[in-house]
2 protein chains.
Amino acid sequence: MDISEVVKRSGVSASALRYYERRGLIRSLTDTGTRRRFAPTVLDHLALIALGQAAGFSLDEIRLMFTPDGSVALDRNMIAAKADELERLVKRLESMIEGLRHAAVCPAPRHSECPSFQKLLRAATSGALERRERSGKDEAQVSRPSGVATIGRRKAR
Amino acid sequence: MDISEVVKRSGVSASALRYYERRGLIRSLTDTGTRRRFAPTVLDHLALIALGQAAGFSLDEIRLMFTPDGSVALDRNMIAAKADELERLVKRLESMIEGLRHAAVCPAPRHSECPSFQKLLRAATSGALERRERSGKDEAQVSRPSGVATIGRRKAR
DNA sequence: ATAAAAGTTGAAGTCAACTTCAAGTCAAGC
DNA sequence: GCTTGACTTGAAGTTGACTTCAACTTTTAT
């Protein structure tokens, strides 16, 4: 398959494919300068990459999921750790959702006077809640996507 | 309070405080060149900023939560929309966790032969799962934090 | 045969939220 | 009065995952 075929079938952009190749996540059968040709298995690889990203793995971590010959070899401890991590994240998000929903209907004239809101604030500042990141521009949908909190404190220094 | 006092009490770094001030999220009583003095209410502001960040709002969005005079004025529709968004995210994360847990114990010699894993892959590639971001270095904990998927497709353009 | 479309490369740009740096200012203790 | 140490500023650097650009080369269609 040529690159445009892979783009069509995978939904991954050509520049991302080239980037993945440079980073060692996928391979193509190519002499430099000529056009890339991909084996059909690249689609499976891209699927695993997408899965890994959705689960919160970095590209470096995802690369470890492939053996040098290109087959899949998941580190089960790594996977389980990520699942645990996601679970903790979900718990925090759930209390966050509850708090936000309350804030949206709270009858108190000022949120600073509402006990539930105070509790939310304390949960956000003390304890485990931390930085988050967010993506760039999105398209013409009404509701905008966003990123989500990470766990764990950053070092001051 | 001077800046070091705010750093101590809030846990927010001095450079972040200056950054927030430049971005218009907090205010200080200062003639340029001299040292910043913060009113005690800055701590409440910082708490709200931390909450907003944990919920996935950008700094620009968080700025909208403050009126020009510095009091809090939450847009309830915005809050409710964010709660909905987090809820969708949680649902996706939950199926992701389930899939990961399965992958970690799956008896199939190759994941590509496991039907549950196939299903996970399909869920990750087709449909709503998208890019994610992740934070920088973290401290000496065993398990590493990470970011999480966002919703919504980016334009090919 | 040739023009346009599609592909190639390395380098630089993007985004958000900060951090780090360099160079200078100010304040407090001895 | 002078050395620290805390603070100030604007500018530039960081991170991850890409995208965009400029300048070419290669196919494909006419």
Gap between atoms CD1 and P, on A/I62 and D/dG16 respectively (whole Å): 13 Å
Quick one, B/I3 and B/L17 - any side-chain contact, counting heavy atoms below 4.5 Å? yes
Using the side-chain heavy atoms of B/R36, tell me which of these nucleotides is nearest: C/dA17, D/dT9, D/dC7. D/dT9
d(CD1, B/I3; C1', C/dT19) in whole Å: 13 Å
Please list, pair by pair, any protein nitrogen or oxygen found under 3.5 Å from a nitrogen or oxygen in nucleotides 21-27 of chain C.
from: C/dC26; atom 1: O2; to: B/R35; atom 2: NH2; distance (Å): 3.2

Would you mind listing every salt bridge (Lys or Arg N to Asp or Glu O under 4.0 Å) that reaches into residues 16-30 of chain A, with sequence neighbours excluded? A/E21-A/R36, A/R23-A/D60
Could you pull out all residues at least two apart from A/R9 that satisfy salt bridge (charged side-chain N to carboxylate O under 4.0 Å, His left out)? A/E5
The correct set of residues in residues 15-22 of chain A placing a heavy atom under 4.0 Å from DNA chain D is A/S15, A/A16, A/Y19, A/Y20
Consider the side chain of B/L59, meaning its heavy atoms from C-beta on, and name the nucleotide among C/dT19, D/dT8, C/dA17 that approaches it most closely. C/dA17
Over how many whole Å does the gap from B/R23 atom CZ to C/dA16 atom P extend? 8 Å
Rounded to whole Å, how long is the line connecting atom CG of B/L25 with atom P of C/dA16? 14 Å
Students often get this wrong, so: under 4.0 angstrom with heavy atoms, is B/D2 touching a base, only sugar-phosphate, or nothing? sugar-phosphate
B/K82 side chain to B/G56 backbone, donor-acceptor under 3.5 Å: yes
Salt bridge (Lys or Arg N to Asp or Glu O under 4.0 Å): pairs with one or both residues in residues 37-54 of chain B, sequence neighbours excluded: none
Holding to ring-ring contact (aromatic ring centres under 6.0 Å, His included), I want the full list of residues that pass it with B/Y20, two or more places apart in sequence or in another chain. none
Quick one: do A/D84 and B/R101 make a salt bridge, cutoff under 4.0 Å? yes
Whole angstrom value for the distance that separates P of D/dA17 from CD1 of A/I49: 11 Å
Is there a side-chain contact between B/M1 and B/V42 (heavy atoms, below 4.5 Å)? yes
What integer distance in Å separates A/L46:CG from D/dC18:P? 11 Å
To the nearest Å, give me how far apart CZ (B/R37) and P (D/dT8) are. 10 Å
Around atom CD of B/E87, are there more than 12 heavy atoms of other residues, nucleotides or ligands at under 6.0 Å? yes
